[in-house]
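What follows is a single structure, written as structure tokens, with notes after it.
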Amino acid sequence: MKIYSIYNIKGGVGKTTSTVNLAYASASQGISTLIWDLDPQGATSYYLCHKTGIPGGVKNLMEQNIPLYEMIKSTGYPNLDLFPADASYRYFDQYFAETKKPDGCLKKMIKSFRNRYQRLFLDCPPGLSLLSDNILRVTDILLIPLIPTPLSLRSYNRLVKHLLKHDQWKLKVVPFFNMVNKNNSIHRIVTTNVCEKLPIFAKQTIPHSNIIEAMGIKRSPLAIYAPDSMEYKAIVSLWQEVIGRHP
Ligand SMILES: Nc1ncnc2c1ncn2[C@@H]1O[C@H](COP(=O)(O)OP(=O)(O)OP(=O)(O)O)[C@@H](O)[C@H]1O
Ligand SMILES: [Mg+2]
């Protein structure tokens, strides 16, 4: 099972939106795909029309009195399942800190998904925390959505420094620009300069678009209500670029 984490220290950059759309693109290739909504805000669960809440909350995830795979929900879309968010996820760090190996807790939890899915997508909350270190430790491919602004690049540089400090994490990184407004000169300058100078950035960018924002009203992946849109084509092309670089 390959683990894709959609993460950024910065909030509101499109982690959840990208998780849902990229995981859908993965599932539509006939690959069994699970999304774990790790954010207590539960936005992925909302987009996929599921209530948040898991029996026993984080305590049960730690003790695994109920096997985790029993809490997986079907999204109704072929090959795409969801492990929902829970309000208690805000206590992940507290629970992890009490264990002997605080940075290995998520790895243990994910174990029960390994033989059931080919790909796992983690929708991550923002911020640097014990949870984010647990996430980075298990991640194969780190997808980092960024809005093309100087502040966003600043938090990206902070994340890169953090990753460099932990070279034991064997992850591959694909940053990409989201919410790109071609009429905004700062966006134009940042995307052009960065994509030219830093080949690690995906060539494909995702536009700022009302069609994408409408996911909050439609409560479904973009592919369901706008399959022929240039926005969904951009998502598919980004996904192809990710799997092309890291098959
Ligand atoms: N490409 C886009 N075009 C227009 N709106 C977008 C786009 N991507 C995301 N949004 C909107 O931006 C807002 C933030 O997106 P999202 O919730 O995916 O970010 P996030 O990084 O997951 O936020 P958080 O840090 O709170 O988890 C949402 O209202 C979403 O609809
Ligand atoms: Mg989110």
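Numbering of ligands and ligand atoms starts at 1, following listing order. For reference, positions follow the sequence shown, starting with 1. Here the structure is a predicted model, which is why all the values come from computation and not from measurement.
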**Item:** Evaluation steps, side-chain hydrogen bond (donor to acceptor under 3.5 Å, both in side chains), between S26 and R119
**Value:** CA-CA 8 Å; S26 161; R119 292 180 183 145; 2.9 Å; yes
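Considering backbone and side-chain atoms together, G11 places no N or O closer than 3.5 Å to any N or O of ligand 1. Checked by distance only, ligand 1 and K10 stay at 3.5 Å or farther apart across all their nitrogen or oxygen atoms. At a 3.5 angstrom cut-off on N or O pairs, C124 does not count as close to ligand 1. At under 3.5 Å, a nitrogen or oxygen of G12, whether backbone or side chain, sits near a nitrogen or oxygen of ligand 1. For P126, no nitrogen or oxygen atom sits less than 3.5 Å from a nitrogen or oxygen atom of ligand 1, counting backbone and side chain alike. Residue D123 has no N or O atom closer than 3.5 Å to an N or O atom of ligand 1.
Taking 4.0 Å as the cut-off between side-chain N and carboxylate O, R137 and D103 count as a salt-bridged pair.
When all heavy atoms are compared, the tightest approach of R245 to P199 is NH2-O, 3.4 Å.
When the heavy atoms of T16, L222, N178 are ranked by distance to atom 22 (O) of ligand 1, first place goes to T16. Taking only non-hydrogen atoms, the option from I9, T17, N210 nearest to atom 16 (P) of ligand 1 is T17. Taking each of M215, E231, M179 in turn, the one with a heavy atom nearest to atom 2 (C) of ligand 1 proves to be M179.
Within the 4.0 Å heavy-atom criterion, the part of Y47 lying near ligand 1 is the side chain and not the backbone. Only side-chain heavy atoms of D39 come within less than 4.0 Å of ligand 1; its backbone N, CA, C and O stay farther off.
Not a single heavy atom of S18 sits closer than 4.0 Å to an atom of ligand 1.
Taking 2.8 Å as the threshold, T44 does not count as a candidate ligand of the Mg ion (ligand 2), since none of its N, O or S atoms lies below it.
No hydrogens or angles considered: nothing links the side chains of D86 and T52 as a donor-acceptor pair under 3.5 Å.
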